[in-house]
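This report concerns only the one structure given below.
For clarity, every value in this text was computed on a predicted model and none was experimentally measured. Counting convention: from 1, in listed order, for ligands and their atoms alike. Every heavy atom of this structure was used, including side-chain atoms; hydrogens, water molecules and symmetry mates were not.
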Amino acid sequence: MKILVTGGTGYIGSHTVVQLIQQGYEVVILDNLFNSKIEVLDKIQKITRTKPIFYKVDLLDYEGVSQIFEKHKIEGVIHFAGLKAVGESVQIPLTYYNNNITGTLNLLRIMQEYGCKTLIFSSSATVYGMNNKSPLVETMPKDSTSPYGATKNMIEDILEDVYVADNNWRIVLLRYFNPIGAHESTLIGENPNGIPNNLLPYVALVAKKKLEYLNIFGDDYDTIDGTGVRDYIHVVDLSNGHIKALDYAVKNKGIETINLGTGTGTSVLQIVEAFEKASGRKIEYKMMPRRAGDVATCYAEASKAKKLLNWEATKNIDDMCRDSWNFIKNIE
Ligand code: NAD
Ligand code: UD1
């Protein structure tokens with residue numbers, strides 16, 4: 001079965017491509033390389049002994065995307081491509097709406113034209129907004145707290161409408177919690193440019209002594225130790241969830257929304273401790289005021305994924321910190 005992976009050279013996409021190839025799928029990657037590097041293809045080849053077909057194409061290029069469907073009989077799409085920095089989306093909302101929404105509309109129109117109606121979409125726990133209490137359940141009301149989050153919400157709604165209009169679609173919306181970790185080969189992982197906003201990449205740079213200390217945003221939350229609690233999930237577990245979602249979609253027409261999380265929360269201080277253990281390095285930190293827009297606690301109710309997809313996370317925080325560290329420690 002031939003699968004198109006948009007954003008397939010990115011962080012989660014590259015791990016998913018590895019698993020797709022290992023499970024015997026034929027993979028075609030589309031990526032504009034805005035936030036990933038072409039060298040990822042060699043790394044995928046090293047891990048799987050297969051070089052995936054790759055097109056450097058932007059989803060905003062309708063003709064370019066159409067040509068991929070013209071050339072290949074694409075039977076399903078896993079759609080990762082999108083811009084994802086929450087803070088940046090507040091600064092340049094039009095770029096985010098254009099890239100994420102227009103890009104997805106192009107993809108959907110082309111899929112429809114070529115009769116390809118199987119889609120797995122990368123949504124995010126951000127759609128739960130600030131007002132729901134964890135564990136977060138798929139049926140809870142949605143909200144947007146940034147243009148980035150609004151694009152995820154809108155795409156979810158667009159896909160619901162697409163299904164209502166044509167019940168032949170097979171769509172799974174996957175809401176990810178906080179993906180961290182890297183492939184155990186240490187060949188692929190997350191390596192953001194500049195100073196990271198997210199916790200794990202920041203902690204890793206402190207461990208490498210590229211940054212002096214971690215700013216912990218808030219120690220007065222109503223949590224186990226006062227610091228923010230999140231549902232961190234190993235990127236390999238997360239990728240595996242996509243394979244299960246694809247299996248499900250191939251067998252079932254319909255649209256389903258499914259959380260991909262572990263169902264357990266970990267605090268910032270617990271992450272610091274686990275990362276110190278994994279790296280053997282001291283992580284210096286300073287307590288700072290709360291970061292605007294943060295919630296105290298965010299973790300998934302993960303039972304729908306287990307029931308519908310027969311999927312559950314297998315790796316713990318120590319595995320995640322070890323694999324993150326093994327990947328990042330050798331990178332300049
Ligand atoms: P990433 O930036 O590593 O990967 C996204 C890829 O899409 C990049 O390689 C980028 O070059 C490509 N891309 C972006 N716009 C494109 C366009 N118009 N045309 C073609 N390619 C384009 O991000 P990731 O962490 O792998 O995230 C993948 C998806 O999962 C995104 O949609 C993101 O919003 C979503 N998500 C990520 C997280 C997270 O914490 N990483 C959490 C929830 C949801
Ligand atoms: C972020 C995104 C969210 C996305 C999620 C998963 C923001 C505002 N939200 O959420 O949309 O779905 O990632 O990728 O970016 N922290 C520190 N110091 C730091 C960085 C973070 O103390 O330098 C704390 C935060 O306050 C939070 C926890 O670490 O309690 C995790 O933060 P982060 O990695 O940024 O993820 P989220 O805020 O959960």
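Contacts between Val57 and ligand 1, counted as non-hydrogen atom pairs separated by less than 4.0 Å, involve the backbone only. Of the heavy atoms in Asn99, only side-chain atoms (C-beta onward) come closer than 4.0 Å to ligand 1. Contacts with ligand 1 closer than 4.0 Å are made by no heavy atom of Ala125, backbone or side chain. Counting heavy atoms closer than 4.0 Å to ligand 2, residue Ile271 contributes nothing at all. With a heavy-atom cut-off of 4.0 Å, Leu33 touches ligand 1 through its backbone alone. In Phe177, the part holding a heavy atom less than 4.0 Å from any atom of ligand 2 is the backbone. When non-hydrogen atoms are compared, ligand 2 lies under 4.0 Å from the backbone of Asn215 (N, CA, C, O) but not from its side chain. Contacts between Asp294 and ligand 2, counted as non-hydrogen atom pairs separated by less than 4.0 Å, involve the side chain only. Neither the backbone nor the side chain of Tyr128 comes within contact range of ligand 2; no heavy atom lies under 4.0 Å. Heavy atoms from both the backbone and the side chain of Asn198 come within less than 4.0 Å of ligand 2. The residue Glu190 has no part lying near ligand 1, judged by heavy-atom distances below 4.0 Å.
At the top of the distance list for atom 24 (C) of ligand 2, counting protein heavy atoms only, stands Val268 CG2, 3.7 Å. Nearest non-hydrogen protein atom to atom 29 (C) of ligand 1 is Phe80 O, 3.2 Å. Closest to atom 25 (O) of ligand 1, if we only count protein heavy atoms, is Lys84 NZ, 2.8 Å. Nearest non-hydrogen protein atom to atom 38 (C) of ligand 1 is Pro179 CG, 4.0 Å. Shortest contact from atom 16 (C) of ligand 1 to any protein heavy atom: Asn32 ND2, 3.4 Å. Protein heavy atom at the shortest distance from atom 4 (O) of ligand 1 is Gly10 CA, 3.5 Å. Protein heavy atom at the shortest distance from atom 34 (O) of ligand 1 is Tyr148 OH, 2.8 Å.
Looking at Asn153 and Lys142, their side chains do bring a donor and an acceptor atom within 3.5 Å of each other. Between the side chains of Thr257 and Glu138, no donor-acceptor pair of N or O atoms lies under 3.5 Å. The closest side-chain donor-acceptor pair between Asp237 and Thr314 falls under 3.5 angstrom. In summary, the side chains of Asp219 and Thr227 do not present any donor paired with an acceptor at a separation below 3.5 Å, with no hydrogens or angles considered.
For the side-chain contact (heavy atoms from CB on, under 4.5 Å) criterion with Ile255, the lone passing option out of Val162, Asn167, Leu159, Asp161 is Leu159. Evaluated for a side-chain contact (heavy atoms from CB on, under 4.5 Å) with Leu308, the options Val172, Ile258, Asn252 yield exactly one hit, Ile258.
Every residue was checked against the ring-ring contact (aromatic ring centres under 6.0 Å, His included) condition with Tyr232, not counting sequence neighbours, and none meets it.
A salt bridge is absent between Arg322 and Glu184; no separation between the charged side-chain nitrogens and carboxylate oxygens falls under 4.0 Å. Taking 4.0 Å as the cut-off between side-chain N and carboxylate O, Asp31 and Lys56 do not count as a salt-bridged pair. Under the 4.0 Å criterion applied to side-chain N and carboxylate O atoms, Asp247 and Lys244 are not assigned as salt-bridge partners. No salt bridge links Lys2 with Glu75; every basic N to acidic carboxylate O contact stays at or beyond 4.0 Å. Salt-bridge formation is not detected for the pair Glu276/Arg281: no Lys NZ or Arg NE/NH1/NH2 atom is positioned less than 4.0 Å from an Asp or Glu carboxylate oxygen.
Contact between Lys152 and ligand 1 is present, with at least one heavy atom of the residue lying under 4.0 Å from the ligand. At least one heavy atom of Leu30 sits closer than 4.0 Å to an atom of ligand 1.
Looking at Leu83 next to ligand 1, no N or O pair under 3.5 Å apart turns up. Between Arg291 and ligand 2, at least one pair of N/O atoms sits closer than 3.5 Å. By the 3.5 Å distance cut-off applied to N or O atoms, Phe217 is counted among the residues near ligand 2. The distance criterion of under 3.5 Å between nitrogen or oxygen atoms is met by Tyr11 with respect to ligand 1. By the 3.5 Å distance cut-off applied to N or O atoms, Leu59 is counted among the residues near ligand 1.
Near Ser122, meaning under 4.0 Å from any of its heavy atoms, are these atoms of ligand 1: 29 (C), 30 (O), 32 (O), 35 (C).
The option with the heavy atom closest to atom 5 (C) of ligand 1, from among Ser239, Gly13, Gly82, Gly149, is Gly82. With distances taken over non-hydrogen atoms, the option nearest atom 31 (C) of ligand 2 out of Tyr285, Tyr232, Tyr202, Tyr221 is Tyr232. Closest heavy-atom approach to atom 1 (P) of ligand 1 within the set Asn35, Asp31, Thr9: this belongs to Asn35. Compare Leu200, Val86, Leu199, Val206 by their heavy atoms: the one nearest to atom 2 (C) of ligand 2 is in Val86.
Sorted by first and then second residue, the pairs that involve residues 102-116 and meet side-chain hydrogen bond (donor to acceptor under 3.5 Å, both in side chains), not counting sequence neighbours, are Tyr62-Glu113, Glu70-Tyr114, His79-Thr104, Asn98-Thr102.
Judged by a 6.0 Å distance limit and a 45° cone about the ring axis, Arg175 is positioned over the six-membered ring of Tyr128. For the pair Arg290 and Tyr221, the distance from NZ or CZ to the six-membered ring centre is under 6.0 Å and the angle to the ring normal is within 45 degrees.
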